[in-house]
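Notes follow the structure.
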Amino acid sequence: MLRFEVLHPHDLADAFDMLTQHEGEAKIIAGGQGLMPVLKHRQLTPRQLVNIRNLSDLDYIVDGKDGLRIGALTTHQAVENSAIIKKRWPVLAEMEARLGDIQTRNWGTLVGNVCQASPTGDPAPVLLALGACLKVASNRGERLIALDDFFLDYQKTALKGVEIALEIQVPKQPARSGAAYHKESYRWTDSPIASVAAAVTLDERDRVKGARIFMQAVCPAPIRARQAEDLLAGQQVNNGLLDQVAQATAGVACPISDVYGTAEYKMEMVKVITRQVVSQAIKQAQAA
Amino acid sequence: MTQTSVVLTELPAQLEVVGKGVPRVDALDKVTGKAKYTGDFREQGMLFAKLVRSPHPHANIKNIDVSAALAYPGVKGIVLPEDAPDRRMGYFATCDRQVLPKDGRVRYVGEPIAVVVATTSEIAEEAVALVRVDYEALPAIFDAEEAMSPDCPVAIHPMKHTYSKGSAGGAVQAVPEIPNAASRFKIRKGDVEKGFKEADVIVENRFTVARVGHGRMEKYIADAWMEADGTLVVRRAKKGIWRDKDWLCQLFGLPASKVRVMESYIGGDFGGKGWVAFEGLVALAAMKLKRLVRLESTREEDFHDGTMAPGAVMYIKDGLKKDGTIVARETTMILEGGGYTGGGSGQSALCIHNGILACYNIPNWKSDGYVAYTNNPPTGTLRGVDAPRGSWAAESQMDCDAHALGMDPLEFRLKNVAREGDTCALGQVLQHISPREAIEKAAELIQWGAKSEGDGDWKRGKGLGLANYGVAPMAPSDVLVKVIRDGTIEVRHGTDEVGQGLNTVVAQLAAEEFKIKTDRVKVIFGDTLTAPWDYSSSASRCTWFTGNATVAAARDAKQQLFMLAGKRMGVAAEELDTRDGRVFCKTAPEKSIPFSDLFQYESAIGHGEILGKGYYRYQRQPFDPETGQCANYYPTYPYLAYGVEAAVNTRTGEVRVLKVSAGVDVGQPINIKMIEGQIEGGIVMAIGQSLLEEVMLKNGVHVNANFGTYRMPTVMESPYAANIKVESVGKPDPTGLHGGKPLGEMVLIPFFAALGNAIYDATGVRMTHSPMTRESVFWGLRQHANAH
């Protein structure tokens, strides 16, 4: 049986000390929705769990002039149902509405999901496409990590054992921007067979000024489709180009065959989804 | 006290409670959380058991070393194969299961080898890891057709010729000439060779279906203890208290008076809560340690022990005349039974035919059904006992036949549909049947013939499927009905409330007899000390068997009541009737007396209560195992037809079920609300099994033994309730209870092919494997596009 101690820090400083004291042995638990299955399958066997769920001041959604900030203890449910997110960041609300079941969304946190770095996590590709950063801290101070540099490998991130992620920061998007995310899944809220997020900015003549495309569930960690982005750059998008972009995106996917389907099928789904999300993002940008 | 068995012939119009959609009698208990399930009972000082399980699909056990586990603090004892009785158990077909591997061989990954008992289940689990077992691995086989090959190098049950048949095992045969065949069932009707010679067109196909699980919420759990007088008591989340009592007596050589079996409400069964192995293990532990021992499975273990429905390979060949007449059918159906079939799947050699054998008038029919042993986990009964598998093949084939002849699938079905007086594949003359009305109603409700429009990437289509179902005449039912002085009627039955609504049905039947509301009926069940003999809630038999016995018992009690009242009132018993807790004179209703007065008057001369007894049994004619022919194999033939409208995403292969229509022939329905409920639930279960669910095994090891990747549908995958239309079309069956026929398992059977036929209608892709996963539909579409 897995035996561990659950520690309840009074405040952040207390939590930092606990993590430092048990460096390499302790894991942070907030909602536990990503961590519990990992513990159950003994993929991790920590000696201590530092429970940050009851810390105050980390549950917030703020949409300011620089962009969006979501606190570490903000649940998926809160993001999904936030009026400001529905209005200004609809891609996030839509993504959250299909993440796990309602119980999972009530307990699990967006930041926790990012830190868990599951290869099937829905938030990562969306936040990556939007160019998000993670603010993390330890008793040695704070630092900002671009999500581009955060996901290192299968369930491996740039977060150090003594650090706690405090908030996700999503920069304000330029004018004429749009973003879309879609997953293909067996059931409505299942983990993805494959998923793709795209964020696009257009110039005044509908040519693509900037594009960021990320895939999930088809690699050990979320992966960027740079070649596809390059194909879009400076172009007005048509069906032919969408096919090329879809092809190029699938070109960097490296899926495995598992209970979610064969590698070949996942590759085909990447193409279908890429077409869909890129055109959706462009429509949104045109409407913005 | 008299015993009676009655046939009821009231017209539906005379019924006041039966046929109405009365609320369930257990609804309040269940929605308030007051209903007790086995896991709700806790006893001070109880011990907890965990199982040592085989990591090998096929191996000989060389040695078991329990020294380290026994020394582990908190461990109270370990039960080993040497403690187990040397007896193989099984129901129906083949007694091939042992409680523990007494023969020194394991045949699947997860097979129990020893039972570790400790003060907590956590300690027991830790000690399980300390048990050292030395194995000699044996070659293993996982594919049913390979296992069935005469030159298969692996013989999984080399001593199978010595195994006996289960209690209800008359219909299927042993197959000594095929080493890995567990059982066979043959149908030989007419002359199939002659039929094929007369045919203008021959249509041949091969269909396959994956292994599926029950997905019930409540897992296996059983407690066992010994009473001071040496009585073994087993309380468990299983059905069939009397059947388990018999089994436990046989297994341990105990007299009938020394075994007591109990159950509570059951949190879902779907056919998987009948097998006795778990009770055997926990009883063994209780007897060895003389303590109360609980054995409860995890969700993963529930998949190992869960008597899942076997996968199957089905070959089907039809001979057709140009005018649309089916003149011959030949099938070979092979079920992949796993390491043991005693959990019920041995019988599937027969049951795989049970949804198809009375749908159409086919004069020449030859079938061979086989169950094959493999080294996958064992299989058993699941709602419909594999009739859904046979129906998947045969009703898909019906559409293939129709298209081969250029006929409309509805027209082709109506051309061949069974009529009153036709004989089914088992040679039984069909009576009081309405399959034509069922299929016509399903077609009408789904607007058959009106082309449904697609939308963008989504193409739409419609499909039909028809099924019959034979309620299994396994064993008799006894029921007791008590009249209590406050006017309450108490019904005691010995079968199970697995969630299907039996307690409501018996309450309705008793209420009808006494002309009272169902809330004046109290239903007692679940303990062999207090409930009379019955078999089990199996094979959709309860309404027919337990229901008939309930009415007989109520009439017996009424007769005694009228005798008593007649003496008091000075009126002949035949002149009396009852309503609302009073006995009254039929010719002068103002002359009446409440039950309470009767008891006061009579108690002085010894009438404390009135106890009526009723029973029901069904006498089957001789059965010929070489031809499968029997004059009355099943007591009745209900029918169900589904119409399905589905949408297929041509880019992803995703299938959505939009609308379902049901034409139901259950004769006179007993409770129309529960029929609609059964059908809606059955459709959701069928959507899961036909689109999403699949027990995945790799070298005999479960890959998806969890509800995350064993994907049962949620509300998001189900059609809107308003898009499910149900109509009852049957005519009353005068041999049945109030003219009614059974329904429970049939609700699954015709869905699979109806959906496959709708996918074909939408896309031109003929699916031959179920589940029709989005990936398999995707590749089907790709292949179809390349070919056209």
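Values reported hereafter were calculated over all heavy atoms of this structure, with side chains retained and with hydrogens, waters and symmetry mates removed. Computed from a predicted structure; not experimentally measured.
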Do A:N239 and A:R275 pass the side-chain hydrogen bond (donor to acceptor under 3.5 Å, both in side chains) test, and can you show the C-alpha distance, the side-chain angles, and the key distance before you say yes or no? CA-CA 9 Å; A:N239 271 333; A:R275 280 190 64 108; 2.9 Å; yes
Contact class of B:E717 relative to chain A, heavy atoms under 4.5 angstrom: side chain
Non-hydrogen atoms of chain B under 4.5 Å away: do they reach the side chain of A:R98, the backbone, both or neither? neither
Max heavy-atom pair count under 4.5 Å with chain A, selected residue of B:E125, B:E126, B:E694: B:E126
Using only atom types and a distance under 3.5 Å, with no angle test, would you say the side chain of B:E301 pairs donor to acceptor with the backbone of B:T298? yes
Please classify the contact between A:S191 and chain B as side chain, backbone, both or neither, with a heavy-atom cut-off of under 4.5 Å. neither
Residue, of A:S185, A:G261, A:P37, that accumulates the most heavy atom pairs under 4.5 Å with chain B: A:S185
With a 4.5 angstrom heavy-atom cut-off, could you sort out which part of A:I273 is near chain B: side chain, backbone, both or neither? neither
Does any N or O in the side chain of B:D457 come within less than 3.5 Å of the main-chain N or O of B:N649, such that one atom is a donor and the other an acceptor? no
Only one of A:Q77, A:E80, A:Q33 forms a side chain to side chain donor-acceptor pair (under 3.5 Å) with A:R105, so which one is it? A:E80
Structural part of A:D258 lying under 4.5 Å from a heavy atom of chain B: neither
Mark yes or no for whether B:S770, through its side chain, and B:M772, through its backbone, hold a donor-acceptor pair below 3.5 Å. no
Determine, stepwise, if the pair B:E693 / B:Y710 fulfils side-chain hydrogen bond (donor to acceptor under 3.5 Å, both in side chains). CA-CA 6 Å; B:E693 296 173 37; B:Y710 185 82; 2.7 Å; yes
Which residue out of A:T189, A:V259, A:D101 racks up the most heavy-atom pairs below 4.5 Å with chain B? A:V259
